[in-house]
Amino acid sequence: MDTSTDPIWDCIVVGGGAAGLSAALVLGRARRRTLVVDAGRQSNRVAEGMGGLLGHDGLPPAALYATGWQELAAYPSVELRTGHVRRGERRGDGPFVLELDDGSRQASLRVVLAAGMDYDYRRPDLPGMAERWGRSVFHCPFCHGWEVRDRALGVLDRGPTGVRRALLLRMWSDDVTLLADGPAELGAEQRERLRSAGIAVDERPVVGLRGPGDTVTAVVFADGDERPCGGLLVAVTLRQRSELAEQLGAVAAPPGPVAADAVEVDPTGQTSVPGLFAAGDLTGRMPSVANAIASGSAAAAGVVHSLADELLHAPQRAPARA
Ligand SMILES: Cc1cc2nc3c(=O)[nH]c(=O)nc-3n(C[C@H](O)[C@H](O)[C@H](O)COP(=O)(O)OP(=O)(O)OC[C@H]3O[C@@H](n4cnc5c(N)ncnc54)[C@H](O)[C@@H]3O)c2cc1C
């Protein structure tokens, strides 16, 4: 990739979800020349509402993003672009250069990666799941448990984390079934734990969901039988959407309970590459809008501090200001 482009931006924010827009707001208020490039596929777009976000509990996600764009329009140093960052690189200590899908190359002193994780979080795919995803079928009880409280609930988890998920979901309902979708790999002790918490284990293969619209009322088994279910928690593993972080040289964190390949960051959002910051789902925090907003804000403050630090070492260079 040709890197001859002048560094016109203080910071490029890749992604305009909760993390990226939050970062851009802080950067705009700090008068930093900021480009936000967003492909518009925030992971929670399909959800009915955002559960657990203070001040916006239950608000449809699209409304938050629209408000974010409106707020950013007040800051002249911030430009919002709909588009996709295809590639990125940095040569030595030079600026980062990102190639957009409009063919342009944008050079920047700093980058905040806020591109989220793989759309749909690689949820299991069963007939009837897509239309209920983010509603009566969910990956996070903190986000959606309240809406299905006290119903007969299911936990679809084929792996060893099923016990933990089922016990967690008991906080929302007395009627929880672990759907192992085949022979469950459970020891006697785990089975006893589930039994004493009043959690049933059903090991029949699950082939689909039933219910009107985006509501689930039953899970359907391969033998044709059905089990009442008013909410289904499914196991997911978050993965990077693209190779951008890798192309820019960021080290991945070891696989954790949430994400398989999160970008490693320090508390300010700084990655292993100086000047490259990351925020939101892509950093492997518990995925929530509140966490994404907080980490975007922290990363942007980290960017501004790092730009100010440069003035310490090169005081003859006055900060550009929009
Ligand atoms: C179905 C579902 C329901 C959820 N419900 C809740 C809830 O009720 N409450 C809650 O707190 N949390 C909820 N979450 C979690 C929460 O939505 C996420 O943790 C949070 O929104 C992550 O924000 P983000 O900015 O990191 O990523 P995202 O919101 O995924 O945004 C990333 C953005 O970057 C863009 N992008 C990606 N790659 C590029 C690229 N190369 N170039 C340009 N743009 C790019 C994407 O298109 C997207 O617009 C839910 C998640 C899901 C999947």
Side-chain angles (χ1 to χ4, degrees), residues 12-25 35-62 64-65 68-69 80-88 98-102 106 111-123 129-148 214 232-234 236-248 258-259 262-263 265 269 277-297 299-300:
I12 297 179
V13 179
V14 183
L21 295 178
S22 168
L25 184 60
L35 175 65
V36 182
V37 186
D38 181 39
R41 289 198 81 207
Q42 294 88 353
S43 58
N44 62 349
R45 272 218 170 243
V46 294
E48 199 168 13
M50 297 174 298
L53 181 63
L54 184 66
H56 297 296
D57 191 27
L59 185 79
L64 179 75
Y65 307 132
W69 275 63
L80 292 155
R81 245 185 243 187
T82 300
H84 193 262
V85 176
R86 276 202 299 234
R87 288 194 58 204
L98 304 187
E99 184 183 292
L100 274 54
D101 58 354
D102 62 6
Q106 305 290 329
V111 168
V112 175
L113 292 175
M117 288 299 233
D118 217 2
Y119 196 67
D120 277 358
Y121 291 175
R122 300 204 182 184
R123 61 170 168 73
M129 198 167 270
E131 58 270 35
R132 299 181 175 88
W133 176 236
R135 293 158 186 256
S136 55
V137 177
F138 50 91
H139 71 287
C140 168
F142 296 99
C143 303
H144 304 286
W146 174 257
E147 282 68 31
V148 297
D214 59 10
L232 184 66
L233 174 63
V234 301
V236 293
T237 305
L238 278 63
R239 287 178 189 277
Q240 298 284 322
R241 285 197 208 216
S242 72
E243 291 167 0
L244 198 53
E246 195 184 326
Q247 285 165 7
L248 294 171
V258 175
V263 172
V265 288
F277 291 74
D281 277 3
L282 163 141
T283 62
R285 286 180 172 79
M286 175 188 141
S288 83
V289 179
N291 281 342
I293 291 173
S295 64
S297 178

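Whatever order the structure lists ligands and atoms in, that order sets their numbers, starting from 1.
- Numbered from 1 in the order shown, with element, the atoms of ligand 1 that lie under 4.0 Å from a heavy atom of Gln42 read 28 (P), 29 (O), 30 (O), 31 (O), 48 (C), 49 (O).
- Inclusion of Asn44 in the set of residues having an N or O under 3.5 Å from an N or O of ligand 1 is warranted.
- The CG atom of Leu248 sits 11.5 Å away from atom CD of Glu243, with the distance rounded to the nearest 0.5 Å.
- The closest non-hydrogen atom to atom 30 (O) of ligand 1, taken over Arg86, Arg41, Arg241, Met117, comes from Arg241.
- Residue contacts with ligand 1, taken as heavy atom pairs separated by less than 4.0 Å, do not involve Leu282 at all.
- Between Glu48 atom CD and Leu59 atom CG the span is 12.0 Å, to the nearest 0.5 Å.
- Note: His139 and Trp133 have tilted aromatic rings, judged against thresholds of 30 and 60 degrees for the angle between ring planes.
- Although no hydrogens or angles enter the test, the distance criterion places no donor-acceptor pair under 3.5 Å between the side chain of Arg239 and the main chain of Ala262.
- With values rounded to the nearest 0.5 angstrom, Leu244 atom CG is found 11.0 Å from Glu99 atom CD.
- Of all the heavy atoms of Ala114, the ones lying under 4.0 Å from any atom of ligand 1 belong exclusively to the backbone.
- With distances taken over non-hydrogen atoms, the option nearest atom 1 (C) of ligand 1 out of Tyr121, Trp133, Tyr65 is Trp133.
- Residue Gly51 has at least one nitrogen or oxygen atom sitting less than 3.5 Å from a nitrogen or oxygen atom of ligand 1, judged on distance alone.
- Polar contact with ligand 1: present for Ala19 (N/O pair, distance under 3.5 Å).
- Residues Asp57 and Gly52 come closest through the heavy atom pair OD1-N, 2.8 Å.
- Interface atoms of ligand 1 facing His84, defined by a heavy-atom separation under 4.0 Å, are 40 (C), 41 (N), 42 (N), 43 (C).
- The main-chain N or O of Asp120 is never found under 3.5 Å from a side-chain atom of Ser43 such that the two would form a donor-acceptor pair.
- Annotation: Ala47 places no N or O atom under 3.5 Å from an N or O atom of ligand 1; distance criterion only.
- Using a 4.0 angstrom heavy-atom cutoff, Asp38 counts as in contact with ligand 1.
- Interface atoms of ligand 1 facing Gly280, defined by a heavy-atom separation under 4.0 Å, are 26 (O).
- Near Val14, meaning under 4.0 Å from one of its heavy atoms, ligand 1 places the atoms 40 (C), 42 (N).
- Note: an N/O pair closer than 3.5 Å links Ala39 and ligand 1 by distance alone.
- Contact check for Ser288 versus Asn291: side-chain heavy atoms found under the 4.5 Å cut-off.
- Note on ligand 1: Gly49 sits in its first shell, one or more heavy atoms being nearer than 4.0 Å.
- Of the possible polar contacts, one joining the Asp101 side chain to the His84 backbone as a donor-acceptor pair under 3.5 Å is found.
- Put simply, the side chain of Glu131 does not reach to within 4.5 Å of the side chain of Asp214, judged on heavy atoms.
- Here the straight-line distance linking atom CG of Leu238 with atom CZ of Arg123 works out to 13.5 Å at 0.5 Å rounding.
- For the atom pair OG (Ser136) and CG (Leu233), the distance works out to 12.0 Å, reported to the nearest 0.5 Å.
- In terms of protein heavy-atom proximity, atom 6 (C) of ligand 1 is nearest to Cys143 SG, 3.4 Å.
- A donor-acceptor pair shorter than 3.5 Å cannot be found between the side chains of Asp38 and Tyr65.
- Listed by number with element, the atoms of ligand 1 under 4.0 Å from a non-hydrogen atom of Gly17 are 25 (O), 29 (O), 31 (O), 33 (C).
- Heavy atoms of Gly52 stay at 4.0 angstrom or farther from ligand 1.
- Among the atoms of Gly134, none of the N or O lies under 3.5 angstrom from an N or O of ligand 1.
- With ligand atoms numbered from 1 in the order given, ligand 1 contributes 47 (O), 49 (O) to contacts under 4.0 Å with heavy atoms of Gly40.
- Within ligand 1, the atoms closer than 4.0 Å to a non-hydrogen atom of Asp281 are 18 (C), 19 (O), 20 (C), 22 (C), 26 (O), numbered from 1 in the order shown.
- On a distance-only criterion, Ala292 and ligand 1 share no N/O pair closer than 3.5 Å.
- For the ligand labelled ligand 1, residue Gly83 lies inside the 4.0 Å heavy-atom shell.
- The nearest protein atom to atom 41 (N) of ligand 1, hydrogens excluded, is given as Val85 O, 3.0 Å; this is a heavy-atom distance.
- At the shortest separation from atom 11 (O) of ligand 1 among protein heavy atoms lies Val289 N, 2.9 Å.
- Of all the heavy atoms in Ala245 and Val263, the pair that sits closest is CB-CG2, 3.7 Å.
- Within ligand 1, the atoms closer than 4.0 Å to a non-hydrogen atom of His144 are 3 (C), 4 (C), 5 (N), 6 (C), 8 (O), numbered from 1 in the order shown.
- Distances from atom 52 (C) of ligand 1 to the heavy atoms of Arg123, His56, His139 show the closest one on His139.
- Scanning all protein heavy atoms for the shortest distance to atom 27 (O) of ligand 1 gives Gly116 CA, 3.4 Å.
- Gln42 contributes no side-chain N or O that, together with a main-chain N or O of Pro61, makes up a donor-acceptor pair within less than 3.5 Å.
- Of the heavy atoms in Ser43, both backbone and side-chain atoms come closer than 4.0 Å to ligand 1.
- Of all non-hydrogen atoms in Ala18 and Ile293, the two that sit nearest each other are CB-CG1, 3.9 Å.
- Within the model, atoms CD of Gln106 and CD1 of Ile12 stand 5.5 Å from one another, a figure rounded to the nearest 0.5 Å.
- Nearest to atom 32 (C) of ligand 1 by heavy atom, out of Ala115, Ser22, Gly15, is Ala115.
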